[in-house]
Amino acid sequence: MFTEQLSIANSRTQLQDTLLKDIFYEGSADEYKQATEQAREAVLHFLEHNKQPFSGVKPATIKAAVAAVNLDAPLQNYEELMAEVYDLYIRHATAFHLPQYIAHLNCPVVIPALAAEVIIAAINSSQDTYDQSAGGTFIERRMVEWTCEQLGFGDQGDGIFTGGGSQSNLMGLLLARDHFAWRKDGVNIKQDGLPPQAHRYRIFAADTAHFSNQKNASLLGLGEQAVIKVKTDHRFRMDAAALRQLIEAELAAGNIPIAIVATAGTTDFGNIDPLPAIAALAAHYQLWLHVDAAYGCGLLLSGKNRHLLHGIELADSVTVDYHKSFFQPISSSAFLVKHRETLKIVQHHADYLNPAEQDYEELPAQINKSITQSTRRFDALKLWCTLRLMGKEKLGMYTDKMIDTAAATAAALQQDADFELLSDSDLGVLVFRFAPARVVADLSALNLSIKKSLFFDGTILVASTKVKGEFYLKFTILNPLTTITHTREMLEAIKARGFELIG
Ligand SMILES: *Cc1c(COP(=O)(O)O)cnc(C)c1O
């Protein structure tokens with residue numbers, strides 16, 4: 001019956017209008033306006049009423065509420081819809097903009113990017129080909145070029161927006177693997193698959209590097225075993241001398257080093273591996289150097305702290321997560337290469353989309369640079385709007401502000417006898433634990449209890465990690481609104497909870 005009604009010839013009956021009102025088209029502009037206004041009201045309500053980073057709701061409660069919805073009984077209007085979404089989701093959503101959210105690498109987002117999201121979603125360009133994106137292709141390309149400039153890549157750089165750092169890191173290792181096999185043995189892995197010696201390929205990354213490197217090695221058919229973990233120094237940065245020894249040891253064992261992954265801003269400590277020393281080893285052993293700057297990329301924009309990324313210009317490829325350190329809504333990430341021809345290896349021609357005979361200078365197609373997405377969002381518009389309205393300097397000052405807050409917080413932790421701080425940070429991550437002078441049987445269990453109980457109060461969301469088998473709390477300061485007053489208050493609350501728990 002539905003299709004029958006839709007096919008009623010040209011006359012715009014009222015029934016037809018009802019059927020069409022949910023489609024975004026020139027006849028539904030009022031509906032669109034109403035719907036987005038309601039959605040915006042819900043968001044404003046969230047800003048006004050969510051004064052804690054989390055409601056403390058238990059998973060079982062939300063699970064039951066979501067399960068109870070009858071999906072076959074649609075609601076009547078946007079008021080009802082937004083009320084339901086509010087109850088099921090927004091009311092309990094994590095509020096990343098509050099300083100008391102100090103857990104993971106989630107940033108508060110900037111408003112120009114939110115305005116861009118409205119446009120991106122409605123117009124719904126797809127970045128794979130020019131005929132689906134038009135200006136979007138060139139805006140993305142400008143953002144890639146601009147990022148390459150910030151990296152110091154010269155004018156031969158290129159890249160592509162991706163869904164996130166894990167995906168960008170995958171591209172880095174894929175290029176490393178395929179270029180190595182081609183250069184060394186004339187093997188075309190894209191075409192012919194892995195050569196028999198591929199199980200001997202080795203990738204070097206610090207033991208503090210992101211876990212996506214292991215997952216990616218596995219996806220690339222090399223196995224997680226291919227990733228050799230390099231030990232770190234007292235500040236949890238890759239030890240370059242140990243890297244050299246490990247490369248030598250793998251060579252001596254008949255294995256085949258292909259790449260080094262250096263991290264600029266580790267997830268757990270916010271520190272930066274010694275990029276110049278690592279780059280020198282990569283050059284010496286002719287290894288691909290991928291720098292994972294998913295977190296540390298914010299430093300690119302800082303006048304005061306840019307020097308911390310010295311050496312990043314020597315990388316073959318780099319990961320940046322704009323959705324971490326450029327305050328962009330998820331998702332927004334990019335994979336950048338220093339030499340644009342290296343990216344050609346991922347091209348695959350499909351007759352219906354990007355045929356081999358097409359002139360891509362004339363009619364560009366970003367799909368030629370993308371491995372894991374064909375249909376792809378126009379995320380670059382968010383960064384464009386952010387830069388055009390706020391400018392690079394202001395974003396850089398946000399990063400400087402967070403670094404200052406982290407340094408002051410590190411000093412506060414060091415001065416407090418009830419806390420143990422593991423390392424200072426180049427960025428904003430501090431790993432520490434409550435360790436009062438009096439004897440506590442199990443510090444790991446105690447700190448875990450502190451974290452959990454604060455989480456279910458919803459008052460402070462702090463992260464955690466394990467170092468040498470011991471449980472530690474972790475502050476990730478990724479909010480320029482967070483001040484030393486906030487972090488001091490949180491430390492006091494953590495301490496008070498700790499003393500309460502030991503009775
Ligand atoms: C967050 C992070 C990643 C993964 O990025 P996603 O965008 O979450 O996929 C990779 N590397 C580092 C150092 C990170 O901090």
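Both counts, for ligands and for their atoms, begin at 1 and track the order of listing.
- For ligand 1, the polar-atom distance check against Asp321 finds a nitrogen or oxygen pair separated by under 3.5 Å.
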Please tabulate, one pair per line, all N/O donor-acceptor pairs under 3.5 Å involving side-chain atoms of residues 272-287, not counting sequence neighbours.
{"residue": "Asp273", "atom": "OD1", "partner": "Met238", "partner atom": "N", "Å": "2.8"}
{"residue": "Asp273", "atom": "OD2", "partner": "Thr263", "partner atom": "N", "Å": "2.9"}
{"residue": "Tyr285", "atom": "OH", "partner": "Glu248", "partner atom": "OE2", "Å": "2.5"}

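- Annotation: atom 1 (C) of ligand 1 to nearest protein heavy atom, Lys324 NZ, 1.2 Å.
- Considering both main-chain and side-chain atoms, Ser166 comes within under 3.5 Å of ligand 1 through a nitrogen or oxygen pair.
- Under a 4.0 Å N-O distance rule, the pair Arg235/Asp426 qualifies as a salt bridge.
- Residue-to-ligand polar distances keep Gly164 apart from ligand 1: every N/O pair is separated by 3.5 Å or more.
- Of the polar atoms of Thr263, none of the N or O atoms is found under 3.5 Å from an N or O of ligand 1, judged by distance alone.
- Under a cutoff of 6.0 Å and an axis angle of 45°, Lys474 and Phe432 do not form a cation-pi pair.
- Ring geometry for Trp288 versus His179: interplanar angle under 30°, hence parallel rather than tilted (30 to 60°).
- The 12-atom threshold is not exceeded at CE of Met397, counting heavy atoms of other residues, nucleotides or ligands nearer than 6.0 Å.
- By the criterion of a heavy-atom distance under 4.0 Å, neither the backbone nor the side chain of Thr319 is placed next to ligand 1.
- The side chain of Leu105, and not its backbone, has at least one atom closer than 4.0 Å to an atom of ligand 1 (non-hydrogen atoms only; side chain from C-beta on).
- Checked by distance only, ligand 1 and Ser212 stay at 3.5 Å or farther apart across all their nitrogen or oxygen atoms.
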Donor-acceptor contacts under 3.5 Å from residues 169-178 side chains, at least two apart:
{"residue": "Asn169", "atom": "OD1", "partner": "His290", "partner atom": "NE2", "Å": "2.9"}
{"residue": "Asn169", "atom": "OD1", "partner": "Thr319", "partner atom": "OG1", "Å": "2.6"}
{"residue": "Asn169", "atom": "ND2", "partner": "Ser212", "partner atom": "OG", "Å": "3.2"}
{"residue": "Asn169", "atom": "ND2", "partner": "Asp292", "partner atom": "OD2", "Å": "3.0"}
{"residue": "Arg177", "atom": "NH1", "partner": "Leu220", "partner atom": "O", "Å": "2.7"}

